[in-house]
Q: 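I have a structure here, written as structure tokens, and I will follow up with some questions on it.
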Amino acid sequence: MPRRLLLPVALLAVALAIAAIADRPLPRADAVLINRGDATTLDPQSMSWLQDFRVAKLIYEGLVRQDPFTPDYRILPGVATSWDVSPDRLTYTFHLRTEASWSNGRPVVAADFIHAWRRALLPDTAADFSGMLFHLRGARDFYAWRARALAEFAASPPADRAAERLWAETLARFDATVGARAQGDHTLVVTLARPVPYFLDLCAFPALFPVCAPIVRAHEHIDPDTARLRTDPAWTKPPTLPCNGPFEVTAWRFKRDMRLAHNSHYWDPARTNVDTIAIPSIDDANAQVLAFATGAVDWVSDVTTSYRGDMLAAKAAFRLEHAAAVEAMRAQGVDEIEIDRRLPDDPRAHIHVLPAFGTYFYNFNCSPRLGDGRANPFADARVRRAFALALDKRTIAQTVRRAGEPETATLIPPGSIAGYQSPRGLPRDVARAREELASAGFPGGRGLPTVELLFNKDGGHDLIAQAAAACWERELGVSVRLVQREIKVFREDLKNGNFMVSRAGWYGDYGDPMTFLEPHRTGDGNNDRQYSSAEYDALLDKAADEPDPAARLAILGEAERVLVERDLPLLPIFRYNQVMLFNAHRVSGVTPHPRQDQILDRLDILGDGKGAERALTMSGGTEARTPGSDKEAQGSAGEGARRGEP
């Protein structure tokens, strides 16, 4: 470990961090995790950030779940024991398990899914992932109708307003037009607008998780002045919060800690290997590393210290010392985490760098005007292309990040999706960048207003921004001002269009190109760029109607080409690697899968005498036990049943 870690100030930081963990009269949890970036919400329909999703997959369960230790993230039964799919692949009938319960003892029923999905489809909630439900028949039209109805309500004379009447009409319209209905308590029928090959993968995503309808309904009301549904977030706080996953939340002190405990009402009690999980809030990257080194925490989700490169170099030296054994295990197909587990236990091996299904990029605000009304030079694609062509991505990836993350000119990580061919993207070309800027009316950068580059604190975004700003100023003759914000303010600025250029990143949520392409559709809840292209939208629609898988992927490849070679609403910079801290000899349940969606419900502290006490591996099989019958393990019955695509 680097000597600088032993500086007194660092020791003070870790002492304070450990004190923060221990300042309550509770025993140490079975597992202590640093989930970098505090959870911002526990409302599954309102989630947007990775740290929220990690918690969601511990405390909630959807119709299906996924096995992250299989190459294709195999679909497994969740609340649904099985499902039937019609021959035309438009109707899914999910059969819900009768033993599924919320942590308050209420049964999980089909109406809980209906309530959750309706919430996600209301413009009132501004859910970022409402687009995932637009695949349901009538859902997009319902969303648009509700938005118009709210606008008309706001424009009407106060004396004519009847908020409750509009809400009753909204409920009736949803039931009559949207392709989701409950047939009793334990059957959910879903009808799609068109076949969606990855629909089951969507069903495992938090935006489609259920909520305990009676509890949430008790915290909802219709605003008489706006007719919008308002929800008191108190329902998401313990002890009120109902959970239907393997864990429940017993304490949540924002900016301090969160504590989870085994959910005694979960239908599969043998699934979990620990009884309690603590998630302390430790913002300082150095303190996170030291908390792990002292044994105060078991897993750190993201290592972002400035000396991370030194730690990775030490890991490389350790692997080199055991090169023959490493190569022999790789030849046998042993995964990288299991390799560390089979080598001698050495602190140098506790850092893990794994390729991730994600890309770091910069957003360009494509609106004609900025949030404060100023004219926006980045509304011109020539300006966006100029900044993309001029950026020295290699220096950022190799010198600033120092985590082995390859520079990229595309959004979708090349080779990450079987059968998909990525476009070339724009290579670095400073001469062309200057030509593009001049053609837009800003020769040598003259006349271009100061460019504001927005980023949030921590995570090394400041170092990347400094390198990008210096490059643009040097190569394009422009002036760049760095704008750093706290994460919540940063997010608000993104949503309100208060930026010219901003840092961004995206991890794929399912194994299909649409997980990266859908967020750039006109009006999508995650389209922070305010990008709108009729041609791009039409390509996505054309792909959705294409029955031939190869032809569909080719169409999506053309859509990505529009993004990364012509319109450039975003600037891809590098492909993510996930850099984590944990001792593979002691911790199991962390997947090395390139998708890097860490579903930690099977986390196991090896040697503690609890749980399976058996390491999970990619090479050694996955679930040794799937509850239920053979039919249940297969996940579906009937002609046309599908599992989703890799």
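Treat the numbers as computed from the prediction; the structure is a model and nothing was measured.
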Q: Considering only heavy atoms from C-beta outward, does the side chain of Val289 approach that of Val303 to under 4.5 Å?
A: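 Yes, at least one pair of side-chain atoms sits under 4.5 Å.
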Q: Are Gln578 and Asp302 linked by a side-chain donor-acceptor pair shorter than 3.5 Å?
A: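 Side chains of Gln578 and Asp302: pair found under 3.5 Å.
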Q: Would the distance check show the side chain of Thr591 and the main-chain N or O of Pro68 forming a donor-acceptor pair, the cut-off being under 3.5 Å?
A: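 Flag set: sc Thr591 to bb Pro68 pair under 3.5 Å.
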Q: Show your working on side chain to side chain contact (heavy atoms under 4.5 Å, CB included) between Trp83 and Ile75 and close with a plain yes or no.
A: CA-CA 12 Å; Trp83 47 93; Ile75 295 293; 3.8 Å; yes
Q: So, for Pro210 and Pro44, which heavy atoms are closest and what is the spacing to 0.1 Å?
A: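 Distance-wise, the nearest heavy atoms are O-CG, 4.3 Å.
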Q: Please assess Thr191 against Leu136 for the test side chain to side chain contact (heavy atoms under 4.5 Å, CB included), listing each intermediate value before the final yes or no.
A: CA-CA 6 Å; Thr191 304; Leu136 273 61; over 6 Å; no
Q: Nearest 0.5 Å please: distance from the CG atom of Asp30 over to the CG atom of Leu260.
A: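 These two atoms lie 11.5 Å from each other.
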Q: Is a donor on one side and an acceptor on the other found under 3.5 Å between the side chain of Lys495 and the backbone of Gly525?
A: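 A pair under 3.5 Å: yes.
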Q: Could you tell me the separation between the CZ atom of Arg491 and the OG atom of Ser48, rounded to the nearest 0.5 Å?
A: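 Going from the CZ atom of Arg491 to the OG atom of Ser48 covers 4.0 Å.
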Q: Examine distances only and state if a side-chain atom of Thr236 and a backbone atom of Pro233 form a donor-acceptor pair shorter than 3.5 Å.
A: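 Side chain of Thr236 to backbone of Pro233, a donor-acceptor pair under 3.5 Å: yes, one is there.
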Q: Would a 4.5 Å heavy-atom cut-off, applied to side chains only, mark Ile279 and Ile34 as touching?
A: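 When only atoms from C-beta onward are counted, Ile34 and Ile279 do not touch, as no gap falls below 4.5 Å.
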Q: Can you name the closest pair of heavy atoms from Asn577 and Gly404 and give their distance?
A: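 For Asn577 versus Gly404, the nearest heavy atoms are ND2-O, 3.1 Å.
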Q: Have Thr305 and Asn286 got a donor and an acceptor in their side chains that come within less than 3.5 Å?
A: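 Side chains of Thr305 and Asn286: no pair found under 3.5 Å.
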Q: Could you go through Tyr420 and Phe516, starting from their C-alpha distance and side-chain angles, then the distance that decides it, and tell me whether this counts as ring pair (Phe, Tyr, Trp, His ring centres under 6.0 Å)?
A: CA-CA 13 Å; Tyr420 180 75; Phe516 287 94; 9.3 Å; no
Q: More than 12 heavy atoms of other residues, nucleotides or ligands under 6.0 Å from CD of Glu486: yes or no?
A: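 No - once you tally the heavy atoms of other residues, nucleotides and ligands closer than 6.0 Å, there are 12 at most.
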Q: Show the nearest heavy-atom pair for residues Ala29 and Ala278, with the distance to one decimal.
A: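 Minimum heavy-atom contact is CB-N, 3.5 Å.
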Q: Parallel, tilted or perpendicular, judged at 30° and 60°: which one describes the rings of Tyr92 and Phe94?
A: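 Aromatic pair Tyr92/Phe94 classed parallel.
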Q: What heavy-atom pair brings Ala207 and Phe129 nearest, and what distance separates the two atoms?
A: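 Looks like CB-CB, 3.7 Å.
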Q: Which heavy atom in Arg503 sits nearest to a heavy atom in Ile487, and how many Å separate them?
A: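 Of all heavy-atom pairs spanning Arg503 and Ile487, the closest is NH2-CD1, 4.5 Å.
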Q: Side chains of Tyr360 and Glu405: any donor to acceptor distance under 3.5 Å?
A: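 Absent: no donor and acceptor within the cut-off.
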Q: Hey, does Ile605 have a side-chain heavy atom less than 4.5 Å from the side chain of Lys610?
A: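 Result no, sub-4.5 Å side-chain heavy-atom pair not found.
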Q: Distance only, no hydrogens: is a donor on one side chain within 3.5 Å (strictly under) of an acceptor on the other, for Glu61 and Trp267?
A: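 A pair is found: one side chain offers a donor N or O, the other an acceptor, under 3.5 Å apart.
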Q: Decide, yes or no, whether a salt bridge links Arg65 with Asp601 under the criterion of side-chain N to carboxylate O below 4.0 Å.
A: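 Not counted as a salt bridge, because no side-chain N and carboxylate O are separated by less than 4.0 Å.
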Q: When the aromatic ring centroids of His350 and Phe582 are compared, is their separation below 6.0 Å?
A: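 No.
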Q: For Asn273 and Arg602, which I'm curious about, is there any donor-acceptor pair between the side chains at under 3.5 Å?
A: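 There is no such pair (donor and acceptor under 3.5 Å, judged by atom type) between the side chains of Asn273 and Arg602.
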Q: Verify the distance criterion only: is there a donor paired with an acceptor across the side chains of Asp38 and Ser281 at less than 3.5 Å?
A: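 A pair is found: one side chain offers a donor N or O, the other an acceptor, under 3.5 Å apart.
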Q: Which is it for His135 and Tyr198 under the ring pair (Phe, Tyr, Trp, His ring centres under 6.0 Å) test, yes or no, and what are the steps along the way?
A: CA-CA 11 Å; His135 295 295; Tyr198 49 89; 5.8 Å; yes
Q: Given side chain to side chain contact (heavy atoms under 4.5 Å, CB included), test Ile412 with Leu517 step by step and report yes or no.
A: CA-CA 8 Å; Ile412 301 174; Leu517 300 179; 4.2 Å; yes
Q: For Thr617 and Val334, run side chain to side chain contact (heavy atoms under 4.5 Å, CB included): C-alpha distance rounded to whole Å, both residues' side-chain angles, the deciding distance at 0.1 Å, then the answer.
A: CA-CA 8 Å; Thr617 69; Val334 179; over 6 Å; no
Q: Side chains of Asp43 and Arg119, heavy atoms from C-beta outward: is any pair under 4.5 Å?
A: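 Yes, close enough: below the 4.5 Å cut-off.
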Q: Applying ring pair (Phe, Tyr, Trp, His ring centres under 6.0 Å), name anything that partners His262, two or more places apart in sequence or on another chain.
A: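 Residues passing ring pair (Phe, Tyr, Trp, His ring centres under 6.0 Å) with His262: none at all.
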Q: Looking only at side-chain N and O atoms, does Asn104 offer a donor or acceptor that is under 3.5 Å from a partner on His265?
A: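 Their side chains do not contain a donor-acceptor pair, so the 3.5 Å distance test is not met.
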Q: Can you find a pair of side-chain heavy atoms, one from Pro195 and one from Leu90, that are under 4.5 Å apart?
A: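 Yes. Closest side-chain heavy atoms under 4.5 Å.
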Q: Working to the nearest 0.5 Å, report the span between CG of Asp67 and OG1 of Thr70.
A: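 OG1 of Thr70 is found 4.5 Å from CG of Asp67.
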Q: Would you mind checking if Asp340 and Arg348 are paired as a salt bridge, meaning a charged N to carboxylate O distance below 4.0 Å?
A: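 Salt bridge between Arg348 and Asp340, a charged N being under 4.0 Å from a carboxylate O: no.
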Q: For the residue pair Arg259 and Trp252, would you count it as a cation-pi contact if the rule is NZ or CZ under 6.0 angstrom from the ring centre and within 45 degrees of the ring axis?
A: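 Negative - Arg259 is either too far from the ring of Trp252 or too far off its axis.
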Q: Please tell me if the side chains of Trp235 and Cys212 come closer than 4.5 Å, counting only heavy atoms from C-beta onward.
A: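 The answer is no, as the side chains (C-beta and beyond) never meet within the 4.5 Å cut-off.
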Q: For His115 and Glu220, run side-chain hydrogen bond (donor to acceptor under 3.5 Å, both in side chains): C-alpha distance rounded to whole Å, both residues' side-chain angles, the deciding distance at 0.1 Å, then the answer.
A: CA-CA 12 Å; His115 193 89; Glu220 295 174 336; 3.3 Å; yes
Q: So which of Asp524, Leu121, Leu202, Val196 actually passes side chain to side chain contact (heavy atoms under 4.5 Å, CB included) with Met132?
A: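 In the set Asp524, Leu121, Leu202, Val196, the residue that makes a side chain to side chain contact (heavy atoms under 4.5 Å, CB included) with Met132 is Leu202.
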Q: Judged by modelled atom types alone, do Asp201 and Gln66 share a side-chain donor-acceptor pair under 3.5 Å?
A: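 Yes - a donor-acceptor pair under 3.5 Å links their side chains.
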Q: Please answer whether the main-chain N or O of Trp102 pairs with a side-chain N or O of Asn244 as donor and acceptor at a distance below 3.5 Å.
A: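 No, Asn244 side chain to Trp102 backbone: no donor-acceptor pair under 3.5 Å.
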Q: Spell out, as yes or no, whether a donor-acceptor pair under 3.5 Å connects the side chain of Thr81 to the backbone of His95.
A: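 Yes: the side chain of Thr81 pairs with the backbone of His95.
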Q: So among Tyr73, Phe69, Phe357, which one has a ring pair (Phe, Tyr, Trp, His ring centres under 6.0 Å) with His593?
A: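 With His593 as partner, ring pair (Phe, Tyr, Trp, His ring centres under 6.0 Å) holds for just one option, Tyr73.
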Q: Please determine whether the number of non-hydrogen atoms from other residues, nucleotides or ligands lying under 6.0 Å from atom NZ of Lys457 exceeds 12.
A: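 Atom NZ in Lys457 is not crowded, with 12 or fewer foreign heavy atoms closer than 6.0 Å.
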Q: Identify the residue among Met329, Arg319, His352, Arg341 that makes a side chain to side chain contact (heavy atoms under 4.5 Å, CB included) with Glu336.
A: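 The option that passes is Arg319.
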Q: Please report whether the ring centroid of Phe199 lies less than 6.0 Å from that of Tyr510.
A: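 No, the ring centres sit 6.0 Å or more apart.
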Q: Please name the pair of heavy atoms, one in Gly611 and one in Asp604, separated by the smallest distance, quoted to 0.1 Å.
A: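 It is C-OD2, 4.3 Å.
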Q: Could you pull out all residues at least two apart from Arg118 that satisfy salt bridge (charged side-chain N to carboxylate O under 4.0 Å, His left out)?
A: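 Expected list: none.
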Q: Do Arg586 and Asp298 meet the salt-bridge criterion of a basic N to acidic O distance under 4.0 Å?
A: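 Arg586 and Asp298: salt-bridged.
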Q: Could you check if a side-chain atom of Trp49 sits within less than 4.5 angstrom of a side-chain atom of Thr40, using non-hydrogen atoms only?
A: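 Yes, their side chains come closer than 4.5 Å.
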Q: Applying ring pair (Phe, Tyr, Trp, His ring centres under 6.0 Å) to Phe247 and Tyr266, what does each step give before you reach the verdict?
A: CA-CA 8 Å; Phe247 292 91; Tyr266 183 60; 8.8 Å; no
Q: What I'd like to find out is whether the side chain of Leu33 reaches to under 4.5 Å of the side chain of Leu603, using heavy atoms alone.
A: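 They are in contact (side-chain heavy atoms under 4.5 Å apart), so the answer is yes.
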Q: Measure the spacing between CG of Leu616 and OG of Ser588 and express it to the nearest 0.5 Å.
A: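 It comes to 4.0 Å.
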